[in-house]
Amino acid sequence: MAAILCSGLFKSYPGKPLVEAVRGLDLRIEEGECFGILGPNGAGKTTTLEILEGLQDPTSGTVEILGKSWADHGNDIRQRIGITLQETRLSEKQTVAETLGLFRSFYKRGLSLDAAVAIVGLEAKKACRIGTLSGGQKQRVALACALVGDPDLLFLDEPSTGLDPQSRQQVWEVVRALKVRGKTILLTTHYMDEAEKLCDRLAVVDHGKVIALGSTDELISQFGGGNLVEFDTPRKAPSADVFNRLSGVKTVKLTHHENPGEAASHVVLQMAQPHLALPELLTMLEKAGAGLLSLNVRQATLEDVFLALTGRNLREDGK
Amino acid sequence: MNLDKQLQVDSSPQSPMWQLTIARVRDFYREPAAIFWVYGFPLVLAVALGTAFRDRPIERIPVIVVADSPNPNVDTEKILKSLGMDSRLEVTLADSAKASRDLATGKASLLVIPKGEKPLLRAEKNRPESAMALGIVEAALLRARVGEMHQGKEEVEPDIQVETVAEVGGRYIDFLIPGLLGMNLMGGGLWGLGYVTVDLRVRKLLKRLVATPMSKIHFLLSLVLGRMGFLLLEIILLLGFAWLVFGVRIQGGLLPLAAAIMLGACCFQAVGLLVASRATSYEAVSGLMNLTMLPMYVLSGVFFSSDRFPLLIQPLIKLLPLTALNDSLRGVINEGQGITDISGNLIILAIWTLAAFFMAMKLFRWR
């Protein structure tokens, strides 16, 4: 049985013009999987998540959570899922234990408060008021609120957005520990490192649709995989055909600049074996008289996949 | 991390109703500012207004005799003497320019102008003190006239006795305390349900709670229950204070008082819920709350009787929930009325409660 199954999901908001947040989205997430929805801000990630969480109704399409539908078994589903929203401001005057006690009271079965604070590593802060905690600690309290009902399925909306690097690591630790316990997790993110580190499978979402699906490695190899060689030349580089003839080059991306004082051309070559192609490349550039200002070799990432799929960076319209 | 500890499953949670209510109470009593506005402020108002309007010395009414119009027909000296015998008047002499100015600015309530055959009395038509002055001056002049006719006596004593009283139940503070109580019930209901709900919505906590298996009925009931708890303390404080400091007594029974308070509280909590049903920002809910409360502060007789407004709008004023509540509270506290005497007002409150509650439930946004 799939933990989450949705098909043909549409969501539009009335207005002029009509806002189409989700435009035909299908997902199947298996039990025990950590699944990521990766996409830029405004891609429809949060809307999709809220539909799956039963917080919004889709305009059309079907949703099944743990084999049940929201319309018929809303409360059964709520008993078995845990949620963190992108931005919840818990009451500052309540202590960590009081806040967790409140959330715990809504569930028929769940963790003891001690167990919940232990999972997120906040044993020492149990008696502290939320208002005295750091941003990362607050986020971990929010995670504990999601866990206190001992859910089978977790929805985490941008779990580490806005946190400092250390706090992000701590949140990731918690998510990894939950994976080990066999929980199904669906998270959204616009950080590719978060997606790469945590998720078994990913759906890349843009403009309310899934544009690519698979594990990080699969996505990168679908895109072409391998390595990227990036370089700038002081004089205009030869045409793309010339680069394509080099051994092992899969794609060529060529940009020319007219402004004086800048590099004349920026070239990105995707190739399987840079150690073979690089000597050829250097000889060729010298022959063509283009010269070389800088050169970089790196492994392809999800960012490159997203750029190749959409022509945009993941966070160019982000915060 | 200790896996055994993580696997501890606890299946005896506390009642969600209790948890929600106690959370509400904690949020409140851990906020010193809220405690002052709810409990301290009404007492400060009671003290300030109660002392301002208590034991007001009998003011003397300023009357000016105009000095610059000599008239052989009128004996100015005699007028001054006659008026001077009445202790309620403060008589001065002034020229006509200053006299007119003082009458216009309210420094003088009446001018006595010795002009023509008889002295001319000039009063300001719209000023109650002027009308009073007119009566007193007329009477003083008349007494002098009658005395003159009776063997040249200076003054005749009228055949009446005068006594003034300040009885408990009829003082301004007696009028004020039920008004403050009503005002508090209104403010408390609107803040306690309206503002608190919008605060939860703005902080996305309402959405977070709705995503849990929490019962929405438990949630609403916990707000009401928390509010009722604070309310009990509020009432005891205000009425106890008024009794100890000003000797304000509850003339009627506790049952009709409790009925009026409970219905009033429910009514304004329902209105609070309605105000909060859609608002998604603090500014919006503050605006809506002021829009609701301000007209009633003015019209519903908190600080002064609503009878002062024109007859034309009286039926409308009577239908406002705060008027119905204040009238019931004054009926019970000041006049000792029973439940049947205030039943009309209680019905108005009940209708408001039901209408506001059902409309709120229809409009309410849980996210």
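Letters go in sequence order (proteins before strands), and every chain restarts at 1. It should be emphasised that the depicted structure is a prediction, and the values quoted were computed from it without experimental measurement.
- At most 12 non-hydrogen atoms from other residues, nucleotides or ligands lie less than 6.0 angstrom from CD1 of Ile217(B).
- No other option in Gly149(A), Gly101(A), Gly74(A), Pro151(A) has as many heavy-atom pairs under 4.5 Å with chain B as Gly101(A).
- Residues Pro16(B) and Ser105(A) approach most closely at CA-OG, 3.4 Å, considering heavy atoms.
- With respect to Lys207(B) and Glu50(A), a salt bridge is recorded, a charged nitrogen being found less than 4.0 Å from a carboxylate O.
- The shortest side-chain heavy-atom distance between Leu209(B) and Phe106(A) falls under the 4.5 Å cut-off.
- Contact check for Gln56(A) versus Arg367(B): side-chain heavy atoms found under the 4.5 Å cut-off.
- A donor-acceptor contact shorter than 3.5 Å links the side chain of Gln94(A) to the backbone of Ala23(B).
- Note that the CD atom of Glu31(B) and the NZ atom of Lys93(A) stand 4.0 Å from one another [nearest 0.5 Å].
- In this structure, Tyr13(A) places its OH atom where more than 12 heavy-atom neighbours from other residues, nucleotides or ligands lie under 6.0 Å away.
- For Met17(B), the CE atom is densely surrounded, since the number of other residues' heavy atoms within 6.0 Å is greater than 12.
- Heavy-atom minimum distance, Gln19(B) versus Glu98(A): OE1-O, 4.3 Å.
- Neither the backbone nor the side chain of Ala116(A) comes within less than 4.5 Å of any heavy atom in chain B.
- In this structure, Leu254(B) places its CG atom where only 12 or fewer heavy-atom neighbours from other residues, nucleotides or ligands lie under 6.0 Å away.
- Counting heavy atoms from C-beta outward, Ser91(A) and Arg203(B) have side chains that approach closer than 4.5 Å.
- Other residues, nucleotides and ligands place no more than 12 heavy atoms under 6.0 Å from the CH2 atom of Trp243(B).
- Counting heavy atoms from C-beta on, the side chains of Trp18(B) and Leu102(A) never come closer than 4.5 Å.
- The number of heavy atoms from other shown groups lying within 6.0 Å of CZ (Phe357(B)) does not exceed 12.
- Taking the side chain as every heavy atom from C-beta outward, Phe103(A) and Arg208(B) approach each other to under 4.5 Å.
- Taken to the nearest 0.5 Å, the CG atom of Asp199(B) stands 7.5 Å off from the CZ atom of Arg89(A).
- Around atom CE of Met262(B), no more than 12 heavy atoms belonging to other residues, nucleotides or ligands sit under 6.0 Å away.
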